[in-house]
2 protein chains.
Amino acid sequence: MPDQHPTLRAKRRAETQRTIQAHALRLFTERGYDATTVTDVAEAAGVSPMTVYRHFPTKEDLVLIDQHGRLVAERIAASSAEQPMVRRIGGALIASAATLTGGGRGDDLTADARFLLARLRLMISTPALRAKHLDNHYALQQAIVDALEDDVTGPDAGFHAQAAASACLAAMHTALVRWAEDDGRTELSDVIAEALAAAFGDDFVDGNGRRPRGSQKYQ
Amino acid sequence: MPDQHPTLRAKRRAETQRTIQAHALRLFTERGYDATTVTDVAEAAGVSPMTVYRHFPTKEDLVLIDQHGRLVAERIAASSAEQPMVRRIGGALIASAATLTGGGRGDDLTADARFLLARLRLMISTPALRAKHLDNHYALQQAIVDALEDDVTGPDAGFHAQAAASACLAAMHTALVRWAEDDGRTELSDVIAEALAAAFGDDFVDGNGRRPRGSQKYQ
DNA sequence: ACCACGATGGTAGTGACTACCAGATTGATA
DNA sequence: TATCAATCTGGTAGTCACTACCATCGTGGT
C-alpha cells in the first residue's frame, strides 16, 4: 500500500491536475473549446501534452469531471423504500443540489457552485461536451439502479429502475441547463424541483416532505 | 427548383448513400466500430473516403441517422391539449414505435425494424455512439417542445415542456436498449409503454386509451 | 450543342489520441 | 544510508477522424 496518508506524490499529482483543469477552463472560456488545442492547455499549465493526457483521458474530461454520483446513490439507499422510485430519486437529486450550492444564489455562490456554473456554460455551448455529459449520466444511472436494487423486486425491476432513473436524470439535466442560462440567479435545487414537477406532476414532493418552491406556480 | 421528381442524380445519390451505410453497418458489426476505419468503409463501398464524408458528416452518422422525429412531432401537435404533457408525448412515442415495427416481433420483424435493431446493437456497445445518440435527442426534444408550444401557456411553459420531453425521451431510450438487448422479441411499443409507466406512474395510458402491459407489480 | 451545377476524387494539413521508450523523483526497505 | 521499485513525466513517431482547396467528369436544363 504505497499511500496511507495523502503522501507528497499524491498531493503533487492532485495539484498539477487542478492547475491543468483551471487553465483549461480559462482558455476554453476565453477562446472557445474547439479553438483551444490540448497543446495550448499544456503550455499554459507548464506541462507537456503527454501529462495532460495522463491526468485527463480525453479533452472533454477537462471539463466534465464529476463524482457527485456517490453522494446521490448514498442518499437514495438511505431513503424510505415506501415511496415511489421517482420520488426517492428526485428527492436525492434535489437534496444533493442543495448541499452543493449551500443555499446561495446570484452573486452569493459557493466556489463549488461557481465552478459548476463555468463548466455548465461550456457544456451548453459545445455539442461534443453536451453529448459526453449525457453519456456520463449512464454511470450515475447505474449507481442509482444499484442503490434501488436492494428494495425493489419483481421480474423487470432493473428495467423499471433504469427507466425511472434515466427520466429523473434527464429532467435534472434540463434543470441544470436552465440554471446555467439564468446565471445561477435562482436556487439550483428549486429549479430541479420545478423540472421534476413538470415531468412527474405537480404533486411531486421532495425527500423531506416539503413541496418544492419553484416559481410562483408552485407555492 | 432543380428537383421536381426524384431526378436521376438524386436517385444515384440516395443509392450510394444506402450502399455506404449498408457496408458500414456490416463492417462495424463484423469487426467492431472502433476497429473499422472510414477508409475501410469507403473501400468496401467502392468509393473514396471523401465521398463518405460528403454523405455522412461524421463516422457516427453512419449508424445514427433518424428522421423519425418529424413523425413524432406531428402526432403530438395533433393530440388533444387537454391531457398532461407527458401523456401526449408518451402516446406519440408509443404510436410511432408501433407504426415502425408494424406489430411484428421476434423473427417476424419488418425490414425497418431489423435495420433499427442492428443500429441499436452497435449503439449499445459503443460509448461514442451512445453519447451521440443521446445528444441527437436534443433535436427531437426541440421539435416536441415546438409542437407543444402552441397549446401550453405560462411563464415557464418552455422550460416545463423541455423537462417533460427530455424525461419521456430518456425513458424511451431505456426502452430501446431493453428491446435491442432482448433481440426484438417483444413488441417495441409495449416496451416503451412499460418504461413510461415505470417512470410516470402505473396510471399512464397510451394514446389509444389502452393500458400498457407492465409487469404484475404495477396493477 | 452548350453550359451551369452537383457529385466525386486527390492532396495536404490539423488535431486528438496511443504505443513505446527513456530519464527523473519519490517512498519504502535492507 | 544505500538501494530498489513504483510512479510521474517527457519525447518520438504514428494512426485516424475530419477539413479546406482544387481538379474532373457526368447530368440536366437551355
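Chain naming here is simple, since letters A, B, ... match the order of the sequence lines and numbering starts at 1 in each.
- For the pair A:F28 CZ and C:dG15 P, the computed distance is 13 Å after rounding to whole Å.
- Contact check on A:R88 versus A:D151 returns a salt bridge, with a Lys/Arg side-chain nitrogen under 4.0 Å from an Asp/Glu carboxylate oxygen.
- Near DNA chain C, defined here as any heavy-atom distance below 4.0 Å, the residues from residues 29-40 of chain A are A:T36, A:T37, A:V38, listed numerically.
- In this structure, B:I20 atom CD1 and C:dA7 atom P are separated by 12 Å, rounded to whole Å.
- When the side-chain hydrogen bond (donor to acceptor under 3.5 Å, both in side chains) test is applied to A:Q21, no partner is found at least two apart in sequence or on another chain.
- With sequence neighbours excluded, the residues that form a salt bridge (Lys or Arg N to Asp or Glu O under 4.0 Å) with A:R26 are A:E30.
- For C:dA7, the OP1/OP2 oxygens have no side-chain nitrogen or oxygen of B:S48 closer than 4.0 Å.
- Side chains of B:L71 and B:L100 form no contact here, defined as non-hydrogen atoms less than 4.5 Å apart.
- Applying the ring pair (Phe, Tyr, Trp, His ring centres under 6.0 Å) definition to pairs two or more places apart or across chains, those involving residues 106-135 of chain A are A:H133-A:H137, A:H133-A:H173.
- Residue pairs that meet the ring pair (Phe, Tyr, Trp, His ring centres under 6.0 Å) test with at least one member in residues 10-31 of chain A, sequence neighbours left out, are A:F28-A:Y33.
- Nearest-nucleotide mapping onto DNA chain D: of B:R12 and B:F56, the residue sitting toward the 5' end is B:F56.
- Residues satisfying the salt bridge (Lys or Arg N to Asp or Glu O under 4.0 Å) test with A:R31, not counting sequence neighbours, are A:D40.
- Applying the salt bridge (charged side-chain N to carboxylate O under 4.0 Å, His left out) definition to pairs two or more places apart or across chains, those involving residues 119-129 of chain B are B:D66-B:R119, B:R121-B:D183.
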With a 3.5 Å cut-off and sequence neighbours excluded, list the donor-acceptor pairs that the side chains of residues 41-55 of chain B form with protein atoms.
unit_1: B:S48; atom_1: OG; unit_2: B:M50; atom_2: N; d: 3.2
unit_1: B:S48; atom_1: OG; unit_2: B:T51; atom_2: N; d: 3.4
unit_1: B:H55; atom_1: ND1; unit_2: B:Q17; atom_2: OE1; d: 3.2

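- Rounded to an integer number of Å, the gap from B:E43 CD to C:dG10 P is 11 Å.
- Between the CD atom of B:E60 and the P atom of D:dC18 there is a distance of 6 Å, given to the nearest Å.
- With sequence neighbours left out, the side-chain hydrogen bond (donor to acceptor under 3.5 Å, both in side chains) criterion links A:T126 to no other residue.
- The closest side-chain heavy-atom distance from B:K132 to A:D135 is not below 4.5 Å.
- No side-chain heavy atom of B:L109 sits less than 4.5 Å from a side-chain heavy atom of B:L116.
- Contact check of residues 124-135 of chain B against DNA chain D (heavy atom, cut-off under 4.0 Å) returns no residues at all.
- Of the side-chain N and O atoms in A:H55, one or more sit less than 4.0 angstrom from OP1 or OP2 of D:dT9.
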- Query: For DNA chain D, what is the dot-bracket line, given that a base pair needs Watson-Crick (N1 to N3, plus N6-O4 or O6-N4) or G-U wobble (N1-O2 and O6-N3) geometry with both distances under 3.5 Å, and | means paired with another strand?
  - Reply: ||||||||||||||||||||||||||||||

- Query: In the 5'-to-3' direction, what one-character label does each nucleotide of nucleotides 19-25 of chain D receive under the scheme B = base within less than 4.0 Å of a protein heavy atom, S = sugar-phosphate only, - = no such atom?
  - Reply: BB-----

- Take A:E181 and A:R178 through the test salt bridge (charged side-chain N to carboxylate O under 4.0 Å, His left out) and record every step on the way to the result. CA-CA 5 Å; A:E181 284 175 343; A:R178 165 76 156 199; 6.0 Å; no

